[in-house]
There are 2 protein chains.
Amino acid sequence: MLSNSSKYAIKAVLYLAVNSSPKQRILAKDISVPTNIPKAYLSKILQELSRHHIVSSLRGPGGGFYLSDENRAISLLEIIRVIDGGYRLTSCMLSLKDCDEEHPCPMHDLVGGTKAQFVENLRRTTVNDLVEDIAEGRSFLPL
Amino acid sequence: MLSNSSKYAIKAVLYLAVNSSPKQRILAKDISVPTNIPKAYLSKILQELSRHHIVSSLRGPGGGFYLSDENRAISLLEIIRVIDGGYRLTSCMLSLKDCDEEHPCPMHDLVGGTKAQFVENLRRTTVNDLVEDIAEGRSFLPL
DNA sequence: TCTTTTATATGATGAATATCATGTTTTACC
DNA sequence: GGTAAAACATGATATTCATCATATAAAAGA
């Protein structure tokens, strides 16, 4: 469904969303331990996210990663796009070049509605939305 | 979403569904060309499908691959299971071990409905159903 | 300005997936 | 039975993805 890297990215962003603030930076290794993401690999992902302004960071003593208010308004789809590229989620289920709404392939027709809706949900849902879900007990974050 | 191998498997099965019958066997290479699937790789997939009775085959001159009536009643989910294993499609979006309906993770809650519905569609839809869709013009098979 | 603490950049290794190549078995037909 | 046509089995290579390791740059504080 998603690459491992994207899952890690979302987990890390959610961890930051819950535990960090512009004044409360968090080290990569302090995300790595509770989330069970290998430290070196997580660092690489965080840097990629930082470069694309999905997360914020500060170097030097007292530095680390955190989310700005802008970061919290970012949608899940944007995170996935940065890591997996734009194609993986939105492409045709059978990878047919000419498949579209006009000319749907058999699978497209079958799952088109649900998949399109799924991607649309990802586009519409921000980091903040998920944090609210957690805060209000509608979902939980088992790290 | 699906592995490449699963996509190839479904394409090949659909090709057989439209073009083969127990008396009209088709060679791997004659599926390979119109579907743009590498011949040697396709052969391996067809053999895997044959071993699991997803497709039927006959060796020797005049032999080849085809679908029996039983094969046509098989669901897409079974095909995907044989190639990708049971886990890939149904597992939690964030690969969290403890995520379930009682304890949904944030992504689960977000896409749970649509994904569950999607998998259920795959479970319910047979090869025959897709062929009907093609025959009646509700979808097409761009090879 | 020196040292420490952090992120960043780059490259190396390992694992999984996709692809290719070659040999073996079965079956039909002469 | 011998021969050719096919599936079947097995292993080798390549490519992508996940993981690790090491060196560099920036920032803070002494």
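Numbers restart at 1 for each chain; the letters A, B, ... are given by sequence-line order, proteins then strands. All heavy atoms count here, side chains included; hydrogens, waters and symmetry mates do not. Predicted, not measured: the structure shown is a model, and the values here were computed from it.
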I'd like to know if the side chain of A/Tyr41 pairs up with that of A/Ser32 as donor and acceptor (distance under 3.5 Å, no hydrogens or angles considered). no

Taking 4.0 Å as the cut-off, does a side-chain nitrogen or oxygen of A/Ser43 come that near to OP1 or OP2 on C/dT8? no

When you get a sec, tell me which of D/dC20, C/dA18, C/dT8 is the closest nucleotide to the side chain of A/Ser50? C/dT8

From the set C/dT10, C/dT19, C/dA7, return the single nucleotide nearest to any side-chain atom of A/Leu27. C/dA7

Do B/Ser139 and B/Asp133 get their side chains close enough for a donor-acceptor pair, meaning under 3.5 Å? no

Quick check on A/Glu136: does its CD atom have over 12 non-hydrogen neighbours (other residues, nucleotides or ligands) under 6.0 Å away? yes

Are B/Glu120 and B/Arg123 ion-paired here, with the side-chain N under 4.0 Å from a carboxylate O? yes

For A/Arg72, which residues count as a salt bridge (charged side-chain N to carboxylate O under 4.0 Å, His left out) partner, sequence neighbours excluded? none

Charged N-O contact under 4.0 Å between A/Glu48 and A/Arg51: yes

Just N and O in the side chain of A/Ser3: are any of them under 4.0 Å from OP1 or OP2 of D/dC17? no

Could you check which residues of residues 54-63 of chain B get a heavy atom under 4.0 Å from DNA chain C? Sort them by number, please. B/Arg59, B/Gly60, B/Pro61

B/Tyr8 has a side chain; which of C/dT8, D/dA21, C/dT19 sits nearest to it? C/dT19

Does D/dA9 have OP1 or OP2 sitting under 4.0 Å from an N or O in the side chain of B/Arg51? yes

Using a 4.0 Å heavy-atom cut-off, does A/Arg25 contact any base of the nucleic acid, only the sugar-phosphate backbone, or nothing at all? nothing

Taking only the side-chain heavy atoms of B/Lys44 (C-beta and beyond), determine which of C/dA18, D/dA18, C/dT19 contains the nearest atom. C/dT19

Among C/dA7, D/dT19, C/dA18, the one nearest any side-chain atom of B/Tyr41 is C/dA18

With a 4.5 Å limit on heavy-atom distance, are the side chains of A/Leu77 and A/Arg81 in contact? yes

Winner on side-chain proximity to B/Asn4, out of C/dA21, C/dA18, D/dC8, is C/dA18

How many Å lie between CD on B/Gln47 and C1' on D/dT10, as a whole number? 10 Å

